[in-house]
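Notes follow once the structure below has been shown.
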Amino acid sequence: MTSIIAHRGFAAKYPENTMLAFQKALACGADGIELDVQMTKDGVPVICHDEDISRTSNGVGYLKDYTYAELCRLNFAHTFKGIWKKIPTLEEYATWVKETALITNIELKTNIFTYDGLVPRVSEIISRHGLESRTIYSSFNHETIREIKRRQPEIPCGFLTDCRL
């Protein structure tokens, strides 16, 4: 069986890792969404690829140094003329995706910063929304994969690497 997994949503035409990109991927027939999760200074799991938000928003610096409220004042679609999008939370995404048939590949962005408490928060959100059977976890950090497997052993995990094994 072949599945179409939209990397950061429909990022070729819409602002990556935004609810708009996820909604457009679903509308175009994607079977799943790949997204990236990090944590704000005040402990909110949010969806963003880069640790430094300079490329993906009109802000500068590391995502981890911002509160969620501060990030909400930034435009995460600044490179798209006439579009303004806030950073989505994993909670917001989970609330939306549970009403679809999409699978979700959550990349836990812990290869540069470890984000104390990220895994328990993400695990709790996925469980509370009943998404265990439609979730895959991945990370470049093998300790993160070990931690998520201890918490949710039934959920498939993938270890990411940027070198040849």
Answer whether the closest heavy-atom distance between the side chains of I33 and I5 falls below 4.5 Å.
-> no
Is any side-chain heavy atom of E92 closer than 4.5 Å to a side-chain heavy atom of F22?
-> no
Residue that, paired with E147, satisfies side-chain contact (heavy atoms from CB on, under 4.5 Å) out of N141, L118, V119, T110 | V119
Could you give me the CA-CA distance, side-chain angles and deciding distance for C157 and I148, then say whether side-chain contact (heavy atoms from CB on, under 4.5 Å) is met?
-> CA-CA 8 Å; C157 290; I148 201 71; 3.4 Å; yes
Among side-chain atoms of H129 and E91, is any donor-acceptor pair under 3.5 angstrom?
-> yes
Does I155 belong to the same Ile/Leu/Val/Met/Phe/Trp/Tyr cluster as I145, with side-chain heavy atoms less than 4.5 Å apart forming each link?
-> no
Specify the closest pair of heavy atoms between F159 and H142, including all atoms of both residues, with the distance to one decimal.
-> CE1-N, 3.5 Å
Under 3.5 Å: donor-acceptor pair, side chain of R134, backbone of L102 | yes
P45 and I125: which non-hydrogen atoms are nearest, and at how many Å?
-> CG-CD1, 4.1 Å
Polar side-chain atom of R55 near backbone of D50 as donor-acceptor pair, under 3.5 Å = no
Of all heavy-atom pairs between F76 and C48, which one has the smallest distance, and what is that distance?
-> CE2-SG, 4.0 Å
Are a donor atom and an acceptor atom from the side chains of T104 and Y93 found within less than 3.5 Å of each other?
-> yes
Under 4.5 Å between any side-chain heavy atoms of L20 and P15, yes or no?
-> yes
Heavy-atom donor-acceptor pair, H78 side chain to I83 backbone, under 3.5 Å = no
How many angstroms lie between CG in D36 and NE2 in H49, if you round to the nearest 0.5 Å?
-> 5.0 Å
Taking atom OH of Y66 and atom SG of C72, what is their separation to the nearest 0.5 Å?
-> 13.0 Å
Trace of the side-chain contact (heavy atoms from CB on, under 4.5 Å) decision for L71 with I53 = CA-CA 10 Å; L71 288 170; I53 62 171; 4.0 Å; yes
If two hydrophobic side chains count as joined below 4.5 Å and joins carry through other members, does I112 share a cluster with Y115?
-> yes
Please answer: with hydrophobic residues joined when any side-chain heavy atoms are less than 4.5 Å apart, are M19 and L35 in the same cluster?
-> yes
Would one find more than 12 heavy atoms of other residues, nucleotides or ligands at under 6.0 Å from atom CG of D65?
-> yes
Under 3.5 Å donor-acceptor, S139 side chain and L108 backbone | yes
Flag yes if V46 and L90 sit in one hydrophobic cluster, no otherwise; membership is Ile, Leu, Val, Met, Phe, Trp, Tyr, and two members link when side-chain heavy atoms are under 4.5 Å apart.
-> no
Atom CG in N111, atom CD in E143: separation rounded to 0.5 Å?
-> 13.5 Å
Exam field: side chain K98 to backbone I126, donor-acceptor pair closer than 3.5 Å = no
In plain terms, say whether R151 and E124 are close enough for a salt bridge, that is, a side-chain N and a carboxylate O under 4.0 Å apart.
-> no
Residue R146 excluded, over 12 heavy atoms near CZ under 6.0 Å | no
When rounded to the nearest 0.5 Å, the distance separating OG1 of T135 from CD1 of I103 is 9.0 Å
Heavy-atom closest contact (A11 atom, E16 atom, distance) = CB-CB, 3.7 Å
Hey, does the Lys NZ or Arg CZ of K64 hover above the aromatic six-ring of F113, less than 6.0 Å from the centre and inside 45° of the axis?
-> yes
Side chain S57, main chain S54, donor-acceptor under 3.5 Å = no
May I ask you to check whether over 12 heavy atoms, not counting those of K13, lie within 6.0 Å of atom NZ?
-> no
Looking just at side-chain N and O atoms, do Y62 and K41 make a donor-acceptor pair shorter than 3.5 Å?
-> no
Side chain of T114, backbone of D116: donor and acceptor closer than 3.5 Å?
-> no
Test item: Q152 side-chain N/O and K149 main-chain N/O as donor-acceptor pair under 3.5 Å = no
Which of these passes side-chain contact (heavy atoms from CB on, under 4.5 Å) with I87: L63, N75, N17?
-> L63
Taking 4.0 angstrom as the limit, do K109 and E107 come out as a salt bridge?
-> yes
Short question: side chain of D42, backbone of Y68 - any donor-acceptor pair under 3.5 Å?
-> yes
Work out which heavy atom in A94 is nearest to a heavy atom in L131; give both atom names and the distance.
-> CB-CD1, 3.8 Å
Should F10 and I47 be counted in the same cluster of Ile, Leu, Val, Met, Phe, Trp and Tyr side chains packed under 4.5 Å apart?
-> no
Validation row: L26, W96 side chains within 4.5 angstrom (heavy atoms) = yes
